[in-house]
Amino acid sequence: MVDPQWQPVPMDLLQTANSGPRKKRPRKMEASLASTPHDIKFQDLVLFILEKKMGTTRRTFLMELARRKGFRVENELSDSVTHIVAENNSGSDVLEWLQVQKIKASSQLELLDVSWLIECMGAGKPVEMTGKHQLVVETDYPASPEPGHQMTLPLTAKQISPYACQRRTTLNNQNQIFTDAFEVLAENCEFRENESSYLVFARAASVLKSLPFTIISMKEIQGIPCLEDKAKCIIEEIIEDGESSEVKAVLSDERYTSFKLFTSVFGVGLKTSEKWFRMGFRTLNQIKSDQSLKFTRMQKAGFLYYEDLVSCVSRAEAEAVSELVKEAVWTFLPDALVTMTGGFRRGKKIGHDVDFLITSPESTEDEDQLLHRVINLWGKEGLLLYYDLVESTFEKFKIPSRKVDALDHFQKCFLIFKLPYQRVDSGKSVQLEGKTWKAIRVDLVMCPYECHAFALLGWTGSRQFERDLRRYASHERKMILDNHALYDKTKRILLQAESEEEIFAHLGLDYIEPWERNA
Ligand code: DCT
Ligand code: MG
């Protein structure tokens with residue numbers, strides 16, 4: 001269905017002075033913009049976007065974006081419109097324009113600043129209209145400054161650090177359309193073991209996640225760090241066409257889809273995926289039914305509990321596991337500190353596993369027996385479906401590893417827990433019919449008390465945040481940071497820390513809360 005009102009956007013309006021070199025590619029904008037019908041998800045709202053002071057290009061882009069997100073957007077102003085969205089116009093300006101158009105505004109009509117629409121685009125749904133969004137209609141008498149005039153100023157590019165550890169990245173990602181694309185491209189590079197391109201896309205995704213606004217034109221990305229030309233081209237294509245041809249190609253690429261499928265099995269990494277792909281396998285059923293293949297214990301468990309493990313862990317499930325972990329740990333070491341780390345500590349609502357850090361302030365000789373005892377107990381209670389206990393190779397006073405992605409040396413247990421459904425807060429878990437439990441991936445890490453702050457910082461993630469913390473330490477501070485310690489190369493000393501705040505302070509960084517580390 002072709003929208004009769006749709007006008008092709010003049011391309012010269014979209015080009016910006018500094019958008020970097022672009023690949024030539026066939027123009028398919030008209031087709032993609034004009035012919036896509038969109039389902040209306042939010043029936044109660046009828047939007048009209050004012051062109052005045054906004055311009056045709058931006059208006060067309062916003063209309064399309066809003067329609068894609070399920071909003072009803074009218075081309076023409078009519079009685080059915082409930083919300084008028086404008087930019088650089090006061091409420092009085094909009095009313096004046098309505099008068100010129102000989103349209104009488106009803107008192108029900110909402111006059112909103114574009115910042116409201118942009119927040120809605122970020123949230124994927126209508127967000128609450130507050131004073132800062134509502135356009136102010138000036139009266140004849142002087143009024144004190146209205147909150148409506150205090151627009152939140154977007155960060156200037158200069159204020160954005162190239163290091164994720166100097167940015168506050170919450171889960172409120174305003175640029176998901178771009179970051180999803182970059183994450184697919186980064187993953188594809190990971191599958192092809194192309195480290196440098198992986199970093200280009202991973203860093204681009206990371207910096208966009210920290211922006212407090214949605215990118216709607218190339219103007220807004222000028223000066224933002226970590227966006228190489230390759231990344232800018234992708235952004236430009238998405239702004240213009242609503243999608244990236246490169247991402248589309250990756251998503252239908254046989255190698256990518258096979259690797260994605262194979263690595264979704266617990267215990268299957270890149271090497272095994274490569275082997276299976278070269279052998280011509282394309283589905284898990286082909287692999288499972290091939291008699292000649294030998295699987296590790298981990299992979300056998302991965303196939304056995306596949307359905308449970310690919311379905312994400314909910315917070316309610318994570319909390320239920322947490323209770324069981326604490327119960328078991330405190331049976332043997334009552335003063336132990338048990339902290340849920342990983343994505344759940346960063347506030348995520350779902351995860352692929354549940355990570356825990358365990359430490360004891362009262363060092364006891366048989367501290368290294370704790371995980372063994374917990375495993376034994378769960379084994380007897382029938383709560384363990386799989387485990388792999390890795391002994392510690394930790395050495396005190398060792399200078400940290402220079403490798404940004406180095407694994408740590410703590411004692412750990414990677415396991416699959418059999419979580420009884422009755423332990424999950426009722427109503428918060430999706431129970432499969434007839435099943436009384438769910439297989440959940442759990443990582444337990446036991447660390448000596450003196451390095452618990454470093455271990456906590458390291459195991460909280462995100463991976464990109466950790467990578468940049470280490471890069472920042474070495475490039476900007478001549479220090480080496482890992483999950484065990486922080487070493488000052490200039491002073492040649494190991495810096496002690498009791499808390500994460502102290503580590504940030506040693507590094508000369510403002511403290512970033514766990515929920516701001518979703519880089
Ligand atoms: N970590 C790390 N280096 C590794 C593995 C993990 O620094 N080689 C850190 C970063 C995140 C944290 O440990 C937990 O790892 P995951 O569970 O893989 O990540 P997550 O952020 O918890 O993500 P998910 O929600 O998918 O579990
Ligand atoms: Mg995790």
Side-chain angles (χ1 to χ4, degrees), residues 164-165 169-171 173 179-180 183 186-187 190 195 198-199 202 205-206 209 260 263-270 298 302 308-319 321-322 325 338-359 388 390 393-394 400-417 419 439-447 451-474 480-486 500 503 512-519:
C165 56
T169 313
T170 65
L171 290 166
N173 179 0
T179 59
D180 282 355
E183 281 173 353
E187 195 176 32
E190 219 177 350
E195 171 81 8
Y198 165 80
L199 282 175
S206 174
K209 282 182 189 174
K260 182 96 185 146
T263 55
S264 71
V265 180
F266 174 56
V268 179
L270 295 185
M298 203 178 190
D308 277 6
L309 298 183
V310 285
S311 83
C312 287
V313 183
S314 68
R315 179 162 284 277
E317 288 161 351
E319 293 296 346
V321 173
S322 174
V325 171
V338 180
T339 314
M340 200 194 288
T341 58
F344 286 110
R345 183 161 185 253
R346 302 196 308 274
K348 277 176 65 177
K349 291 202 171 69
I350 52 166
H352 92 283
D353 67 356
V354 201
D355 308 286
F356 293 93
L357 182 69
I358 305 164
T359 189
D388 178 21
V390 183
T393 52
F394 175 73
S401 164
R402 282 165 203 278
K403 279 202 190 148
V404 179
D405 282 322
L407 292 174
D408 63 44
H409 297 274
F410 301 128
Q411 185 192 38
K412 339 181 168 53
C413 190
F414 305 106
L415 58 96
I416 301 177
F417 200 81
L419 177 67
I440 308 247
R441 273 275 301 112
V442 174
D443 287 345
L444 303 178
V445 182
M446 180 82 200
C447 78
C451 45
H452 76 278
F454 297 98
L456 181 61
L457 181 59
W459 275 87
T460 297
S462 68
R463 278 165 200 250
Q464 195 55 35
F465 190 88
E466 300 301 324
R467 239 182 246 129
D468 276 8
L469 256 181
R470 290 168 197 202
R471 211 161 53 91
Y472 177 87
S474 80
I480 314 174
L481 173 74
D482 70 6
N483 284 6
H484 318 92
L486 178 62
E500 290 177 312
I503 304 173
I512 306 284
E513 297 282 0
W515 55 90
E516 298 169 325
R517 299 182 202 161
N518 288 290

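Along the sequence shown, residues carry numbers from 1. From a predicted model like this one, the values you see are computed outputs, not experimental measurements. In each ligand, atom 1 is the first atom listed, and ligand 1 is the first ligand listed.
Summarising the geometry of T460 relative to P514, their closest heavy-atom pair is CG2-CB, 4.2 Å, with the distance given to 0.1 Å.
Among G458, A318, G343, the residue whose heavy atom sits closest to atom 2 (C) of ligand 1 is G458.
The number of protein N, O or S atoms lying under 2.8 Å from the Mg ion (ligand 2) is 2.
Residues Q411 and I358 are not in side-chain contact: their nearest non-hydrogen atoms beyond the backbone lie 4.5 Å or more apart. Between R441 and I416 the shortest side-chain heavy-atom distance falls below 4.5 Å.
Taking distance alone, with nitrogen or oxygen atoms compared against 3.5 Å, R346 approaches ligand 1 more closely than that limit. Of the polar atoms of D353, at least one N or O is found under 3.5 Å from an N or O of ligand 1, judged by distance alone. The shortest N or O to N or O distance between T460 and ligand 1 is not under 3.5 Å. Looking at E466 next to ligand 1, no N or O pair under 3.5 Å apart turns up. Taking any N or O of H352, backbone or side chain, at least one lies under 3.5 Å from an N or O belonging to ligand 1.
A salt bridge between R345 and E500 is present, with a side-chain N of the basic residue lying under 4.0 Å from a carboxylate O of the acidic one.
Here is the list of ligand 1 atoms found below 4.0 Å of a heavy atom in K348: 23 (O), 24 (P), 25 (O), 26 (O). When each atom of ligand 1 is checked for a heavy atom of G342 under 4.0 Å away, the hits are 14 (C), 22 (O). Of all atoms in ligand 1, numbered sequentially from 1 with element shown, those under 4.0 Å from a heavy atom of G351 are 25 (O).
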